[in-house]
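First the structure, in the form of structure tokens, and then the observations on it.
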Protein chains: 2
Amino acid sequence: MMDLHRLRLLREVHGRGTVHGAARALGYSPSAISQQLAVLERETGTRLLERVGRNVRLTAAGEVLVRHATALLEGVEAAEAELAAVAAGRVAGVVRIASFQSAFIRVVAPAIRSLATTHPDIRVEAAELEVEQAAPALRLQQLDVMVGDEYDGQPRAVHTDLHRQHLLREQIRVILPEDHPEAAADRVPLRQLADLPWAACQPATGHREMHVRVCRELGGFEPDIRYSSDDFLILLELVRTTGAGALLPDLVIGAGAPGVAVRLPAEGDVGRAVFLLTRRTRTPAVAAVADALAAAASEH
Amino acid sequence: MMDLHRLRLLREVHGRGTVHGAARALGYSPSAISQQLAVLERETGTRLLERVGRNVRLTAAGEVLVRHATALLEGVEAAEAELAAVAAGRVAGVVRIASFQSAFIRVVAPAIRSLATTHPDIRVEAAELEVEQAAPALRLQQLDVMVGDEYDGQPRAVHTDLHRQHLLREQIRVILPEDHPEAAADRVPLRQLADLPWAACQPATGHREMHVRVCRELGGFEPDIRYSSDDFLILLELVRTTGAGALLPDLVIGAGAPGVAVRLPAEGDVGRAVFLLTRRTRTPAVAAVADALAAAASEH
DNA sequence: ATCATTCGTTCAGCTTAGCTTCACAATGCT
DNA sequence: AGCATTGTGAAGCTAAGCTGAACGAATGAT
């Protein structure tokens, strides 16, 4: 078992370039450093230092080891910091979140904001990422929380080894140009919109499949999807400027969208569920983040 | 400074749930474990264990520490493994590459293939990622090598702290439907293609800007970009099926594309440079990967 | 060319971290 | 109640790891 103390000495020698310098910096005699590094070489069966002039330089193997050493020592510092925070009764740690766009804006961002005051020792890292890519990352510990969506009638893959928590349910709205004749009524019959050009996400996405399915089942027509983008905000903008229609969940609309009409389909309700996924064993920090996300979601 | 040995004992106790079990497993007396953990508690100023019945259980702080401990111990194992490989004269380590799509297929993938035999101890992780996002990741050590592209006349941001290495230069080709009248000649005058619908990448990408600029400068017209995707293979398919045109670099074409005509613009040459970026201090493993990428690139 | 200085390493000697053994209190099974 | 099993503490021993002195090699000043 490699010893951290020896690695610290090695790193210091690498940083200062001389054994004496490292000894002075760490409050040891040069002899101690030399002996410990000799032990490290014996343990690993590798030459780590070579003399050059009256100084020493690390060998290639030494460089390799020093890289790992710095990483490990940083890890120790992180451990000490988190432990100190936990000991003081606060929840701490790094939590990495992945989310799709609209939940990112409406749920994740507000949650991060409130966590900054309720749990200042939790460092949240967030990225926009698709659900399908995120599940493996969750298992590999590269990710701690992921926020996913699931349209009615299009169940996602079930991950029995992961913990799923419901966040919110929302309605799918019909988005029309303000001056569209059908925009007068509160509920819009989809079958009247068979000739409308549509804006939707790229093929092979949940939203695109939902769009096509809803038009077929409730509207009885094949939609003419003329514009596509995976960016919901762009879809909204496309409706406003090109006069196309769109089917968008509540989260995208938020408080309301200027320049477009937001209606419900007359034929029936279509919904979307938003949920979060974590590993089954939650750290306190992950639990706190999950709670904050649930609270932010309940605002909608 | 926290000691790895104590952390190992803590982890073992956590895993087995009893001090005696951990002692048996590690070949110590139970007393030794107990004493070392007491020292750890004193050092950190935290209670890590609590008695439950005649066994012990970790406190919340203990759980936190044990999580860091396992990560650190894994790090030590990785260090030992890499050091052993290096000592045996082989180059080892984990190298993370980011690349854009076409270089991924034509350069990165073949390089990975050849590295598997020339350097079996290098573990290569590769992801498709855009250049602009990758430079910060490179600095943060989340990434080791990135492959980027640069169209003539559209220089990328200069990163003086990173090392840039030229990989290859390629021509931009005019891709036409096979039955297009201009496809008869070897070199196609762009000005004859002013009325052609075009397929190109999304707005605000290097390729899209190049496309518009080339049409304006060499062709003297504003292109009617009707189809857009950031996936070059989709663009190629769009040309084959919809009859649109495209401007694509050699790497996308590869050995040749069935069903379309690949020509050069008559008005002059447009090129694209492909390069790689690493941090200035390269580890042997990163250097080996860079060499393999350069070799794979020289095939084109 | 010579000498003083600085460097890294080695050896002897000492201190103490860390182990074992033994003893003891607390718990749970029969 | 009796007994095995658990975790912890005290005493004592071994060896890891430190200091200080001595030595050879390299460098820079004179």
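Just so we're on the same page: letters track the sequence lines, and every chain starts at 1.
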Does either side chain, that of B:His163 or that of B:Arg282, offer a donor lying less than 3.5 Å from an acceptor on the other one? yes

What string of B, S and - do you get for nucleotides 15-22 of chain D 5' to 3' if you count protein non-hydrogen atoms under 4.0 Å? --SBBB--

Reckon B:Ser34 has a side-chain N or O less than 4.0 Å from the OP1 or OP2 of D:dG9? no

I want to check one thing: is the phosphate of C:dG8, taken as OP1 and OP2, less than 4.0 Å away from some side-chain N or O of A:His20? yes

Separation between CG of B:Leu72 and CG of A:Leu4, rounded to the nearest 0.5 Å: 7.0 Å

Length of the line joining [X]:[atom1] and [N]:[atom2], which is rounded to integer Å:
X: A:Leu37; N: C:dT10; atom1: CG; atom2: C1'; result: 15 Å
X: A:Arg54; N: C:dT5; atom1: CZ; atom2: C1'; result: 7 Å
X: B:Glu41; N: D:dG7; atom1: CD; atom2: C1'; result: 12 Å
X: A:Arg16; N: C:dT6; atom1: CZ; atom2: P; result: 18 Å
X: A:Arg47; N: C:dT9; atom1: CZ; atom2: P; result: 9 Å

Between B:Glu41 and B:Leu48 (side chain of the first, backbone of the second, donor and acceptor by atom type, cut-off under 3.5 Å), is there such a pair? yes

Can a donor-acceptor pair be found, under 3.5 Å and without considering hydrogens, that links the side chain of A:Arg51 to the backbone of A:Arg57? no

Would you call A:Glu150-A:Arg272 a salt bridge at under 4.0 Å N-O? no

Inspect the contact between A:Asp161 and A:Arg139 and indicate whether a charged nitrogen and a carboxylate oxygen are less than 4.0 angstrom apart. yes

Within residues 60-68 of chain A, find the residues that approach DNA chain C with a heavy atom at under 4.0 Å, and present them sorted by residue number. none

